[in-house]
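Structure, as structure tokens:
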Amino acid sequence: MISFFIKYRNPILITTVVIFLASIGILGAGAVADEYGANAVLAKVGDTKIKYKTFATAYDMARQQYINDGKELTEEQDKQLKQEIVQSLVLQEALSQAAGEMGIGTSKAEVAYFIKNMPIFAPNGEFNKNAYIYVVRNQFHVNPAEFEHNLMKQISVQKFQRVLASSALPTSLEKAILTQGSTLKDKEKQALESYLLELKANSFAAAYSDALNAAHKSTVNIQF
């Protein structure tokens with residue numbers, strides 16, 4: 001099986017960017033599309049449902065970013081963007097569930113701190129509760145409780161991803177084996193170490209993602 005982490009590395013980035021667009025001051029796009037109905041179930045990961053409105057909001061915002069950048073999406077590119085967002089949402093939920101199983105969580109205090117430091121909720125330089133509620137309801141198309149729940153899951157996923165990344169770092173023994181008795185120059189050693197790290201990370205990701213896919217069964221109900 002092709003690794004989820006390798007195959008879907010771009011969608012992972014898309015999801016992270018979509019969820020945190022507000023944190024860098026990029027405003028959301030128009031209303032949520034209702035092609036299938038906002039409450040239609042787009043996909044399931046284990047027993048958790050991903051609703052179509054979640055996809056639609058992410059798609060609207062990602063598409064708007066293309067427009068803001070002066071780019072035009074071809075029909076094929078638009079289809080690919082939709083598929084990547086679906087894949088990233090599914091993977092994000094699987095990672096969230098895996099993080100929970102590993103005991104990696106996020107407190108309400110962490111979520112509150114993050115929200116209070118998001119520029120989009122501070123029109124005058126200070127956090128404004130009314131601005132927060134307005135933006136969440138009208139740009140993310142969810143209520144504050146849903147937004148905070150999703151943000152809590154996203155932060156936990158980021159913590160989990162850091163754990164995964166650290167697992168691929170070379171050990172002191174591996175570094176010693178790599179450099180001991182070597183005639184390579186410093187730059188060559190660094191290049192080789194980076195290459196071996198990438199191989200190790202990809203191998204680890206492939207093995208982990210197979211286990212993740214087996215543990216968190218996912219189905220996609222809507223195809224694009």
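No donor-acceptor pair closer than 3.5 Å links the side chain of N124 to the backbone N or O of E126. Of the possible donor and acceptor atoms, none in the side chain of S156 sits under 3.5 Å from a partner among the backbone N and O of A99.
Contacts of K159 classified as salt bridge (charged side-chain N to carboxylate O under 4.0 Å, His left out), with partners at least two apart in sequence or in another chain: E110.
Of the inter-residue distances, the one linking Q154 atom CD with L95 atom CG reads 9.5 Å to the nearest 0.5 angstrom. Atom OG of S96 and atom CD of E101 lie 10.0 Å apart (nearest 0.5 Å). With rounding to the nearest 0.5 angstrom, the CD1 atom of I133 is 9.0 Å from the CG atom of N128. Between the CD atom in Q92 and the CD atom in Q97 there is a gap of 12.0 Å [rounded to 0.5 Å]. The distance from the CG atom of L89 to the CZ atom of F55 is 8.0 Å, given to the nearest 0.5 Å. Summarising the geometry, atom CD1 belonging to I155 is positioned 11.5 Å from atom OH belonging to Y113; distances are rounded to the nearest 0.5 Å.
Counting heavy atoms from C-beta on, the side chains of E148 and I115 come closer than 4.5 Å. Side-chain contact between R137 and P144 is present, with at least one heavy-atom pair separated by less than 4.5 Å. Residues D78 and T74 are not in side-chain contact: their nearest non-hydrogen atoms beyond the backbone lie 4.5 Å or more apart. With a 4.5 Å cut-off on side-chain heavy atoms, L81 and Y66 count as touching. K79 places none of its side-chain heavy atoms less than 4.5 Å from the side chain of E75. Side-chain contact between V136 and E146: absent, with no pair of heavy atoms (C-beta onward) separated by less than 4.5 Å. Using a 4.5 Å heavy-atom threshold, the side chains of I50 and V41 count as separate. Inter-residue side-chain proximity for F121 and K116 is flagged as unmet; no heavy-atom pair is nearer than 4.5 Å.
Summarising the local packing, CG of D69 is surrounded by more than 12 heavy atoms from other residues, nucleotides or ligands at distances under 6.0 Å.
Residues I67 and L73 are members of separate hydrophobic clusters, defined by side-chain heavy-atom contacts under 4.5 angstrom among Ile, Leu, Val, Met, Phe, Trp and Tyr.
With respect to the salt-bridge test (charged N to carboxylate O, under 4.0 angstrom), the residues K153 and E93 qualify.
Judged by the 6.0 Å and 45° rule, K82 forms a cation-pi pair with Y59.
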| query | Yes or no on side chain to side chain contact (heavy atoms under 4.5 Å, CB included) for T54 and L42, after CA distance, side-chain angles and deciding distance? | reply | CA-CA 9 Å; T54 302; L42 172 74; over 6 Å; no
From CA spacing to verdict: side chain to side chain donor-acceptor pair (under 3.5 Å), N68, Q64 | CA-CA 6 Å; N68 292 345; Q64 184 62 38; 3.0 Å; yes
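Residues Q80 and E84 have side chains that bring a donor and an acceptor to within less than 3.5 angstrom of each other.
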